[in-house]
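One structure is given here, and the rest of the page talks about it.
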Amino acid sequence: MTETFKIRRLEISDKRKGFIELLGQLTVTGSVTDEEFDQRFEEIRSYGEDHVICVIEEETSGKIAATGSVMIEKKFLRNCGKVGHIEDVVVDSRFRGKQLGKKVVEFLTDHCKSMGCYKVILDCSVENKVFYEKCGMSNKSIQMSKYFD
């Protein structure tokens, strides 16, 4: 059986296609009810082109095989420039090694370029550094974070 993949924006029906479970392969998702998903989906959709979530669907199974998101930050720097922030890139463990992660990063990067961003940035673990270098990214600085309980 041949796998065929289609990259597109997140749709409200993607919760049924394993979207939340896929995010669970990246980090803690908690239990998201259909109502909570629908509300958050509509909220994100209201941001228009400034917050885009893409998915790759494996068309035979109808399962979401990969995802990632990007948020566009509007700045005063660089002549009121814009920066894209890529987040939450994950490929289902069953579909890794098929260049899907690279396709997600390219889709999101192309969106940033089309929106007039002067750069796109992301944070990643040391273990994922080589993958993102293959996507054309380079190590620029150190990430700092503070988590709130």
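Expressed to the nearest 0.5 Å, how far CG of D34 lies from CG of D38 amounts to 6.5 Å. Distance check, rounded to the nearest 0.5 Å: OG of S13 to CZ of F19 gives 11.5 Å. Once rounded to the nearest 0.5 Å, the distance linking CD of E36 with OG of S31 reads 7.0 Å. To the nearest 0.5 Å, atoms SG (C112) and CD1 (I121) are separated by 10.0 Å.
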Quick one, E87 with M71, criterion side-chain contact (heavy atoms from CB on, under 4.5 Å). Give me CA distance, side-chain angles, the key distance, then yes/no. CA-CA 8 Å; E87 289 280 336; M71 288 148 286; 3.4 Å; yes
Begin with the C-alpha distance, continue with both residues' side-chain angles, and end with the deciding distance and a verdict on side-chain contact (heavy atoms from CB on, under 4.5 Å) for F41 and K15. CA-CA 10 Å; F41 178 88; K15 183 176 189 288; over 6 Å; no
Full working for side-chain contact (heavy atoms from CB on, under 4.5 Å) between T67 and L10: CA-CA 9 Å; T67 188; L10 180 72; 5.8 Å; no
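Using a 4.5 Å cut-off on side-chain heavy atoms (C-beta onward), I64 and E21 make no contact. Side-chain atoms of I56 and F107, non-hydrogen and from C-beta on, never get closer than 4.5 Å to each other. A 4.5 Å side-chain heavy-atom check between M137 and L122 finds at least one atom pair inside the cut-off. For the pair S69/L108, no side-chain contact is recorded, criterion being any heavy-atom separation below 4.5 Å from C-beta on. Counting heavy atoms from C-beta on, the side chains of Y132 and V89 come closer than 4.5 Å. The shortest distance between side-chain heavy atoms of V52 and R9 falls below 4.5 Å.
Within 6.0 Å of atom CZ in R16, 12 or fewer heavy atoms from other residues, nucleotides or ligands are found, so the atom counts as exposed in its surroundings. Counting non-hydrogen atoms of other residues, nucleotides and ligands closer than 6.0 Å to CZ of R40 gives a total of 12 or fewer. Taking a 6.0 Å sphere around CD of E35, one finds it holds 12 or fewer heavy atoms contributed by other residues, nucleotides or ligands.
Linking ILVMFWY residues whenever their side-chain heavy atoms come closer than 4.5 Å, directly or via other members, places I44 and L26 in the same cluster.
Paired with S61 under the rule side-chain contact (heavy atoms from CB on, under 4.5 Å), one option of E57, E59, E58 passes, and it is E58. Remark: of the listed residues L22, V104, D14, D14 is the sole one forming a side-chain contact (heavy atoms from CB on, under 4.5 Å) with V55.
Of the possible polar contacts, one joining the R96 side chain to the V91 backbone as a donor-acceptor pair under 3.5 Å is found. Although no hydrogens or angles enter the test, the distance criterion places a donor-acceptor pair under 3.5 Å between the side chain of H111 and the main chain of E49. Under the 3.5 Å distance criterion, the side-chain polar atoms of K103 are left unmatched by any main-chain donor or acceptor of I7. Formation of a donor-acceptor pair under 3.5 Å by the Q25 side chain with backbone atoms of V90 is not found in this model.
Listed by first and then second residue, the salt bridge (Lys or Arg N to Asp or Glu O under 4.0 Å) pairs that reach into residues 138-149 come to none, sequence neighbours excluded.
Annotation for T29 and G24: closest pair CG2-N, 3.4 Å, computed over non-hydrogen atoms. Heavy-atom minimum distance, G84 versus C117: N-SG, 3.7 Å. The nearest pair of heavy atoms linking V83 to K75 is CG2-CD, 3.4 Å. The two atoms that bring F5 and K98 nearest to each other are CZ-CD, 3.8 Å, heavy atoms only.
The pair D50-K74 meets the salt-bridge criterion, since a charged nitrogen lies less than 4.0 angstrom from a carboxylate oxygen.
Side-chain N/O atoms of E127 and S125 include a donor and acceptor closer than 3.5 Å.
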